[in-house]
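Heads up, the thing below is written out as structure tokens.
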Amino acid sequence: MEPVPDTVPLDGTIHYPRTALLSMTRMILRDFEAYWIANNAGYIPVSDPAPPVASTSQNENEGESKYSVAPTPIPDDPMSAIRTVRRGFDRKSFRDEQGAPSDEGFSDDIDAQYEKDIALEEQYLFGPGDPGRPWRRYKVVDEAVKLYKATRFEEDSEEYNAVIWREDALLDLLVFITREEHYGLFEIADPL
């Protein structure tokens, strides 16, 4: 997918809660990966673009369904897609899990490494997605957001509803930005 043509100039400035959005993205992707691992332990990828997906249905106290979510199948190997997208948004945790060293030249400077990670995660957020599979980022993020919204704690209070409203706005922004057809609508002002 090509970015928006140059005939539509990017001449505005948007400020957004970068840290909050990226932190939330990391959290929901970790949860989605854990969900996938827990519910698809015996899954073997096949060429069929519609792999079987277990639904979430847990109520620890009663053992019956409290909610039911059956994510839409992710074409490709779902676990590979989830890990690839998570690596794009969660560089430090992914690197730590793999036992990989920090990027060359930053191993002794934690603040510089953190800033570089954030900048690369932001580039991944606004970039074209994964080479050869640009739909992958959106599909994984969309399914992770759906699962998160369906399984989060619910409380009926005005204060809690205000928090959920802001959280939903961030989640909706995340899904919007990662859609393949929206690539090129936004540009990072000061890339690395």
Side-chain angles (χ1 to χ4, degrees), residues 1-4 9-37 74 76 78-149 151-152 162-192:
M1 168 136 284
E2 293 296 317
V4 175
L10 299 176
D11 57 359
T13 302
I14 295 177
H15 293 271
Y16 71 102
R18 176 177 79 168
T19 304
L21 184 64
L22 291 173
S23 293
M24 178 170 283
T25 304
R26 286 184 212 106
M27 179 192 71
I28 65 170
L29 288 173
R30 280 186 220 134
D31 289 350
F32 188 56
E33 181 179 24
Y35 161 82
W36 185 266
I37 290 169
I74 298 168
D76 196 357
M79 195 64 224
S80 172
I82 293 165
R83 291 187 68 72
T84 298
V85 172
R86 200 183 126 223
R87 181 178 28 236
F89 283 114
D90 196 5
R91 296 174 53 80
K92 182 186 181 324
S93 293
F94 200 84
R95 190 172 49 242
D96 290 349
E97 288 171 12
Q98 303 301 313
S102 296
D103 290 343
E104 188 176 325
F106 289 96
S107 59
D108 294 333
D109 191 345
I110 294 171
D111 291 336
Q113 182 66 49
Y114 174 77
E115 287 302 319
K116 182 176 181 184
D117 285 346
I118 292 291
L120 290 170
E121 289 166 3
E122 186 178 43
Q123 282 182 347
Y124 186 72
L125 173 64
F126 288 104
D130 301 314
R133 294 183 176 97
W135 47 263
R136 179 187 265 184
R137 180 188 53 187
Y138 164 72
K139 190 67 178 160
V140 170
V141 167
D142 186 50
E143 293 306 320
V145 166
K146 287 177 188 174
L147 181 69
Y148 177 75
K149 285 182 175 182
T151 59
R152 69 181 164 199
V163 170
I164 291 298
W165 180 84
R166 290 188 55 82
E167 186 176 83
D168 281 351
L170 274 179
L171 293 170
D172 293 345
L173 175 63
L174 174 64
V175 170
F176 178 84
I177 291 170
T178 59
R179 290 187 69 89
E180 180 184 357
E181 58 270 22
H182 295 161
Y183 165 59
L185 284 177
F186 303 99
E187 182 179 278
I188 300 168
D190 297 317
L192 283 176

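Since the structure is predicted, the reported quantities are computational estimates derived from the model, not experimental observations. The figures here come from the full heavy-atom set of this structure, side chains too, leaving out hydrogens, waters and symmetry mates.
- Proximity of S93 to R26: side-chain heavy atoms (C-beta onward) are nowhere separated by under 4.5 Å.
- A centroid separation of 6.0 Å or more is found between the aromatic rings of F186 and Y16.
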Item to check | side-chain contact (heavy atoms from CB on, under 4.5 Å) between E143 and L147, intermediate numbers included | outcome: CA-CA 6 Å; E143 293 306 320; L147 181 69; over 6 Å; no
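- Here the closest heavy-atom approach between residue P128 and residue R137 is recorded as C-NH2, 4.0 Å.
- Heavy atoms only, all atoms of each residue included: L174 and V145 are closest at CD2-CG2, 4.2 Å.
- With rounding to the nearest 0.5 angstrom, the CZ atom of R136 is 10.0 Å from the CD1 atom of I82.
- Heavy atoms from other residues, nucleotides or ligands lying under 6.0 Å from CZ of R18 number more than 12.
- Annotation for Y148 and L171: closest pair CD2-CD1, 3.8 Å, computed over non-hydrogen atoms.
- Using cut-offs of 30° and 60° for the angle between ring planes, the Y124 and F89 rings count as perpendicular.
- Between D31 and T151 there is no side-chain heavy-atom pair separated by less than 4.5 Å.
- Between E33 and R30 there is no salt bridge, since none of the side-chain N atoms of the basic residue sits less than 4.0 Å from a carboxylate O of the acidic one.
- With rounding to the nearest 0.5 Å, the separation of CG in L22 from CE in M24 is 11.5 Å.
- Side chains of I37 and M79 form a contact here, defined as non-hydrogen atoms less than 4.5 Å apart.
- Here the closest non-hydrogen pair linking I177 and L125 is CG2-O, 3.4 Å.
- Between the CD1 atom in I164 and the NZ atom in K149 there is a gap of 10.0 Å [rounded to 0.5 Å].
- In this structure, Y35 and F32 have parallel ring planes: the angle between them is below the 30° cut-off, well short of the 60° mark.
- In terms of heavy atoms, Y138 sits closest to R179 at OH-NH1, 2.7 Å.
- Two residues are said to be in side-chain contact when any heavy atoms from C-beta on lie closer than 4.5 Å; L29 and V85 meet this criterion.
- In this structure a side-chain-to-backbone donor-acceptor pair under 3.5 Å is present from E121 to R91.
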